[in-house]
Enquirer: 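Take this structure first; my questions come after.
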Amino acid sequence: MTADRPLTPAFFARPVLAVATDLLGTVVRHRTEEGTVAVRLTEVEAYDGESDPGSHAFRGPTPRNAVMYGRAGHVYVYFTYGMHWCMNLVCGPVGEASAVLLRAGEVVEGAGLATLRRPTARSPRELARGPARLTTALGVDGRHGGADATDPAGSLTVLRAPARRGTRPAAEVCSGPRVGVAGAGAATPWRFWLAGEPSVSAYRAAVSRRRTTGR
DNA sequence: CGGCCGATCCACT
DNA sequence: GTGGATCGGCCGA
(Lines give C-alpha, C1' and ligand atoms only; values in the text may rest on other atoms or scores of the structure.)
Protein backbone atom coordinates (compact mmCIF):
# COMPACT_ATOMS: atom_id res chain seq x y z
CA MET A 1 0.00 0.00 0.00
CA THR A 2 1.58 3.21 -1.09
CA ALA A 3 1.34 6.29 1.04
CA ASP A 4 0.27 8.48 -1.88
CA ARG A 5 1.63 11.50 -0.15
CA PRO A 6 2.68 14.42 -2.35
CA LEU A 7 6.06 16.06 -1.96
CA THR A 8 5.82 19.42 -0.24
CA PRO A 9 6.67 22.95 -1.38
CA ALA A 10 9.49 22.85 1.20
CA PHE A 11 11.00 19.83 -0.57
CA PHE A 12 11.29 21.81 -3.79
CA ALA A 13 12.37 25.09 -2.16
CA ARG A 14 15.82 23.63 -1.37
CA PRO A 15 18.93 23.99 -3.58
CA VAL A 16 18.34 22.48 -6.98
CA LEU A 17 21.07 19.82 -6.78
CA ALA A 18 19.63 18.42 -3.57
CA VAL A 19 16.15 18.37 -5.06
CA ALA A 20 17.36 16.69 -8.24
CA THR A 21 19.03 13.75 -6.47
CA ASP A 22 16.16 13.35 -4.02
CA LEU A 23 13.62 13.27 -6.85
CA LEU A 24 15.05 9.99 -8.11
CA GLY A 25 12.70 7.23 -7.06
CA THR A 26 9.71 9.53 -6.52
CA VAL A 27 6.57 9.07 -8.58
CA VAL A 28 4.90 11.52 -10.98
CA ARG A 29 1.20 10.73 -11.34
CA HIS A 30 -1.26 12.21 -13.84
CA ARG A 31 -4.94 11.47 -13.49
CA THR A 32 -7.32 12.18 -16.37
CA GLU A 33 -10.71 10.97 -17.52
CA GLU A 34 -8.88 8.43 -19.66
CA GLY A 35 -7.20 6.96 -16.63
CA THR A 36 -4.09 7.30 -14.52
CA VAL A 37 -0.47 6.94 -15.51
CA ALA A 38 2.31 7.08 -12.91
CA VAL A 39 6.05 7.12 -13.55
CA ARG A 40 8.84 6.42 -11.07
CA LEU A 41 11.67 8.81 -11.89
CA THR A 42 15.02 7.25 -12.80
CA GLU A 43 16.81 10.15 -14.52
CA VAL A 44 16.76 13.94 -14.05
CA GLU A 45 18.83 17.02 -14.86
CA ALA A 46 19.40 20.15 -12.78
CA TYR A 47 19.31 23.68 -14.22
CA ASP A 48 20.72 26.25 -11.86
CA GLY A 49 19.10 29.61 -12.44
CA GLU A 50 20.47 32.54 -14.44
CA SER A 51 24.10 31.57 -13.76
CA ASP A 52 23.74 28.31 -15.71
CA PRO A 53 24.62 28.62 -19.42
CA GLY A 54 22.51 25.55 -20.16
CA SER A 55 19.39 26.95 -18.56
CA HIS A 56 16.46 28.55 -20.35
CA ALA A 57 16.79 31.33 -17.75
CA PHE A 58 20.42 32.10 -18.63
CA ARG A 59 19.44 35.21 -20.61
CA GLY A 60 17.05 36.42 -17.96
CA PRO A 61 13.27 36.37 -17.73
CA THR A 62 11.11 35.93 -20.84
CA PRO A 63 7.45 35.03 -21.30
CA ARG A 64 8.37 31.41 -21.86
CA ASN A 65 10.51 30.91 -18.75
CA ALA A 66 8.40 33.05 -16.38
CA VAL A 67 7.22 29.99 -14.42
CA MET A 68 10.85 29.17 -13.55
CA TYR A 69 11.01 32.35 -11.47
CA GLY A 70 7.89 31.41 -9.57
CA ARG A 71 7.04 29.07 -6.74
CA ALA A 72 8.89 25.84 -6.05
CA GLY A 73 7.03 22.66 -6.88
CA HIS A 74 5.23 24.19 -9.85
CA VAL A 75 5.49 22.79 -13.35
CA TYR A 76 7.54 24.39 -16.14
CA VAL A 77 6.82 22.82 -19.52
CA TYR A 78 8.36 23.93 -22.79
CA PHE A 79 7.83 23.03 -26.43
CA THR A 80 10.89 22.08 -28.46
CA TYR A 81 11.96 20.76 -31.86
CA GLY A 82 8.61 21.76 -33.25
CA MET A 83 6.81 18.79 -31.73
CA HIS A 84 7.86 17.78 -28.21
CA TRP A 85 6.94 18.87 -24.69
CA CYS A 86 9.37 18.54 -21.79
CA MET A 87 8.52 18.85 -18.09
CA ASN A 88 10.46 20.51 -15.27
CA LEU A 89 9.78 21.07 -11.57
CA VAL A 90 10.69 24.52 -10.27
CA CYS A 91 13.14 24.61 -7.34
CA GLY A 92 14.60 27.07 -4.86
CA PRO A 93 13.24 30.40 -3.66
CA VAL A 94 10.93 32.57 -5.72
CA GLY A 95 12.98 34.68 -8.12
CA GLU A 96 15.82 32.20 -8.61
CA ALA A 97 14.68 30.31 -11.77
CA SER A 98 16.14 26.90 -10.95
CA ALA A 99 14.42 23.75 -12.15
CA VAL A 100 14.82 20.00 -12.60
CA LEU A 101 14.12 18.43 -16.00
CA LEU A 102 12.42 15.03 -15.77
CA ARG A 103 14.37 12.92 -18.27
CA ALA A 104 13.15 9.37 -17.81
CA GLY A 105 11.26 6.97 -15.61
CA GLU A 106 9.61 3.60 -15.22
CA VAL A 107 5.85 3.38 -15.75
CA VAL A 108 4.50 1.91 -12.51
CA GLU A 109 0.79 2.47 -13.12
CA GLY A 110 -1.33 2.69 -16.26
CA ALA A 111 1.01 0.90 -18.66
CA GLY A 112 -1.91 0.17 -20.97
CA LEU A 113 -2.86 3.82 -21.34
CA ALA A 114 0.79 4.82 -21.61
CA THR A 115 1.19 2.34 -24.48
CA LEU A 116 -1.77 3.88 -26.29
CA ARG A 117 -0.12 7.27 -25.97
CA ARG A 118 3.27 5.87 -26.99
CA PRO A 119 2.52 3.36 -29.75
CA THR A 120 6.08 3.44 -31.09
CA ALA A 121 7.62 2.16 -27.87
CA ARG A 122 9.51 -1.04 -28.68
CA SER A 123 9.38 -2.29 -25.09
CA PRO A 124 7.81 -1.23 -21.76
CA ARG A 125 11.02 0.38 -20.65
CA GLU A 126 10.86 2.74 -23.61
CA LEU A 127 7.48 4.14 -22.57
CA ALA A 128 9.04 6.96 -20.54
CA ARG A 129 12.69 6.68 -21.63
CA GLY A 130 13.49 10.28 -22.60
CA PRO A 131 12.06 13.64 -21.53
CA ALA A 132 9.51 14.04 -24.35
CA ARG A 133 8.52 10.38 -24.15
CA LEU A 134 7.94 10.77 -20.41
CA THR A 135 5.56 13.71 -20.91
CA THR A 136 3.77 11.88 -23.73
CA ALA A 137 3.32 8.73 -21.64
CA LEU A 138 1.92 10.84 -18.80
CA GLY A 139 -0.31 12.90 -21.08
CA VAL A 140 1.40 16.13 -20.02
CA ASP A 141 1.65 19.11 -22.38
CA GLY A 142 1.49 22.90 -22.47
CA ARG A 143 -1.79 22.99 -20.59
CA HIS A 144 0.07 21.92 -17.45
CA GLY A 145 2.43 24.89 -17.43
CA GLY A 146 2.32 26.56 -14.02
CA ALA A 147 0.43 23.70 -12.35
CA ASP A 148 1.22 23.02 -8.69
CA ALA A 149 2.65 19.50 -8.46
CA THR A 150 2.48 19.58 -4.66
CA ASP A 151 -1.31 20.03 -4.62
CA PRO A 152 -2.90 16.78 -3.39
CA ALA A 153 -6.11 17.73 -5.20
CA GLY A 154 -4.35 18.43 -8.49
CA SER A 155 -4.39 16.07 -11.45
CA LEU A 156 -0.59 16.18 -11.84
CA THR A 157 1.23 15.35 -8.60
CA VAL A 158 4.67 14.24 -7.46
CA LEU A 159 4.46 11.56 -4.76
CA ARG A 160 7.00 10.32 -2.23
CA ALA A 161 9.09 7.34 -3.20
CA PRO A 162 7.27 4.08 -2.45
CA ALA A 163 8.39 2.43 0.77
CA ARG A 164 11.32 0.13 0.24
CA ARG A 165 10.64 -3.53 0.88
CA GLY A 166 12.69 -5.54 3.33
CA THR A 167 16.32 -4.60 3.71
CA ARG A 168 16.97 -3.73 0.08
CA PRO A 169 19.54 -0.91 0.05
CA ALA A 170 18.82 2.42 -1.58
CA ALA A 171 19.72 2.52 -5.26
CA GLU A 172 23.00 4.15 -6.17
CA VAL A 173 22.80 7.63 -7.66
CA CYS A 174 25.13 8.27 -10.61
CA SER A 175 25.93 11.62 -12.23
CA GLY A 176 27.31 12.84 -15.52
CA PRO A 177 27.13 15.58 -18.15
CA ARG A 178 23.70 16.80 -19.19
CA VAL A 179 22.27 15.61 -22.48
CA GLY A 180 21.93 18.01 -25.38
CA VAL A 181 23.59 20.88 -23.51
CA ALA A 182 26.36 22.49 -25.54
CA GLY A 183 28.99 25.09 -24.71
CA ALA A 184 30.03 26.12 -21.21
CA GLY A 185 27.13 24.34 -19.56
CA ALA A 186 28.20 20.98 -20.95
CA ALA A 187 30.95 20.47 -18.39
CA THR A 188 28.79 20.42 -15.28
CA PRO A 189 27.80 16.87 -14.27
CA TRP A 190 24.24 17.77 -13.37
CA ARG A 191 22.50 14.79 -14.90
CA PHE A 192 21.55 12.25 -12.25
CA TRP A 193 20.24 8.73 -12.65
CA LEU A 194 19.70 5.52 -10.71
CA ALA A 195 22.27 2.81 -11.39
CA GLY A 196 21.07 -0.21 -13.29
CA GLU A 197 17.72 1.20 -14.39
CA PRO A 198 16.80 0.13 -17.93
CA SER A 199 14.63 3.21 -18.42
CA VAL A 200 17.58 5.60 -18.14
CA SER A 201 17.95 7.34 -21.50
CA ALA A 202 20.98 6.74 -23.67
CA TYR A 203 23.58 9.47 -23.44
CA ARG A 204 23.92 11.67 -26.49
CA ALA A 205 26.47 14.43 -26.67
CA ALA A 206 25.27 17.87 -27.65
CA VAL A 207 25.46 18.34 -31.40
CA SER A 208 24.84 21.37 -33.53
CA ARG A 209 22.81 20.53 -36.60
CA ARG A 210 23.41 22.21 -39.94
CA ARG A 211 21.02 22.80 -42.77
CA THR A 212 18.74 19.87 -42.20
CA THR A 213 16.18 21.47 -44.48
CA GLY A 214 17.56 21.13 -47.98
CA ARG A 215 15.27 24.06 -48.78
C1' DC B 1 20.13 -2.48 -29.86
C1' DG B 2 22.25 1.46 -32.08
C1' DG B 3 23.66 4.99 -35.83
C1' DC B 4 22.07 8.22 -39.11
C1' DC B 5 19.18 12.00 -40.33
C1' DG B 6 14.89 14.59 -41.33
C1' DA B 7 10.76 16.51 -39.12
C1' DT B 8 8.51 20.76 -37.50
C1' DC B 9 7.56 25.35 -35.16
C1' DC B 10 8.33 28.39 -31.56
C1' DA B 11 11.23 31.64 -28.78
C1' DC B 12 14.50 34.62 -28.99
C1' DT B 13 18.31 37.55 -31.49
C1' DG C 1 16.76 34.17 -39.50
C1' DT C 2 18.52 30.55 -36.49
C1' DG C 3 18.72 26.56 -33.89
C1' DG C 4 16.96 23.88 -30.22
C1' DA C 5 17.14 20.40 -22.49
C1' DT C 6 14.11 15.32 -29.06
C1' DC C 7 12.20 11.54 -31.40
C1' DG C 8 11.01 8.02 -34.85
C1' DG C 9 11.72 5.58 -39.39
C1' DC C 10 14.91 3.11 -41.61
C1' DC C 11 18.47 0.09 -41.87
C1' DG C 12 22.37 -2.86 -40.34
C1' DA C 13 24.37 -6.00 -36.69
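The figures that follow rest on heavy atoms only: side chains count, while hydrogens, waters and symmetry mates do not. Naming convention: chains lettered A, B, ... in sequence-line order (proteins, then strands); numbering from 1 in each chain.
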Enquirer: Distance check: side-chain N/O of A:T80 vs OP1/OP2 of C:dT6, anything under 4.0 Å?
Expert: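 Answer no for this pair, as no side-chain N or O of A:T80 is under 4.0 Å from OP1 or OP2.
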Enquirer: Out of A:D22, A:V100, A:L23, which residue meets the side chain to side chain contact (heavy atoms under 4.5 Å, CB included) rule with A:F12?
Expert: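 For A:F12, the side chain to side chain contact (heavy atoms under 4.5 Å, CB included) test succeeds with only one of A:D22, A:V100, A:L23, which is A:L23.
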Enquirer: Nearest of C:dT6, B:dA11, C:dG8 to any side-chain atom of A:T120?
Expert: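 That would be C:dG8.
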Enquirer: Closer than 4.0 Å, any side-chain N/O of A:H56 to the OP1 or OP2 of C:dA5?
Expert: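 Indeed, a polar side-chain atom of A:H56 lies that close.
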Enquirer: Please pick, from B:dC10, C:dC7, B:dC1, the nucleotide with the shortest atom-to-atom distance to any side-chain atom of A:R122.
Expert: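 Nucleotide nearest to A:R122's side chain: B:dC1.
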Enquirer: Within the pair A:R103 and C:dT6, is there a side-chain N or O less than 4.0 Å away from OP1 or OP2?
Expert: yes
Enquirer: For the base of C:dA5 and the side-chain ring of A:Y47, does the geometry meet a stacking cutoff of under 5.5 Å between centres and under 30° between planes?
Expert: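 So A:Y47 counts as stacking on the base.
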Enquirer: From CZ of A:R59 over to P of C:dG3, roughly how many Å is that when rounded to an integer?
Expert: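 Atom-to-atom, A:R59 to C:dG3, this comes out as 13 Å.
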Enquirer: Does a distance-only test, which skips hydrogens and angles, find a donor-acceptor pair under 3.5 Å between the side chain of A:R133 and the base of C:dG8?
Expert: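 Side chain to base: no pair below 3.5 Å.
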Enquirer: Pick from A:V75, A:V37, A:L159, A:L156: which one makes a side chain to side chain contact (heavy atoms under 4.5 Å, CB included) with A:V28?
Expert: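 In the set A:V75, A:V37, A:L159, A:L156, the residue that makes a side chain to side chain contact (heavy atoms under 4.5 Å, CB included) with A:V28 is A:L156.
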Enquirer: Answer with base, sugar-phosphate or nothing: what part of the nucleic acid does A:Y81 contact at a heavy-atom distance below 4.0 Å?
Expert: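 Base, at least one base heavy atom under 4.0 Å.
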Enquirer: Could you tell me which nucleotide pairs with C:dC10 by Watson-Crick or G-U wobble geometry, both distances under 3.5 Å, or answer none if nothing does?
Expert: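 For C:dC10, the partner nucleotide comes out as B:dG3, under the 3.5 Å rule.
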Enquirer: With a 3.5 Å cut-off and heavy atoms only, can you find an N or O donor on one side and an acceptor on the other between the side chain of A:Y78 and the base of B:dA11?
Expert: no
Enquirer: So what does A:G54 touch, heavy atoms closer than 4.0 Å: a base, only the sugar-phosphate, or nothing?
Expert: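 Answer is base: heavy atoms of A:G54 come under 4.0 Å of a base.
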Enquirer: With a non-hydrogen cut-off below 4.0 angstrom, is A:R118 in contact with a base, only sugar-phosphate, or nothing?
Expert: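 Sugar-phosphate contact only.
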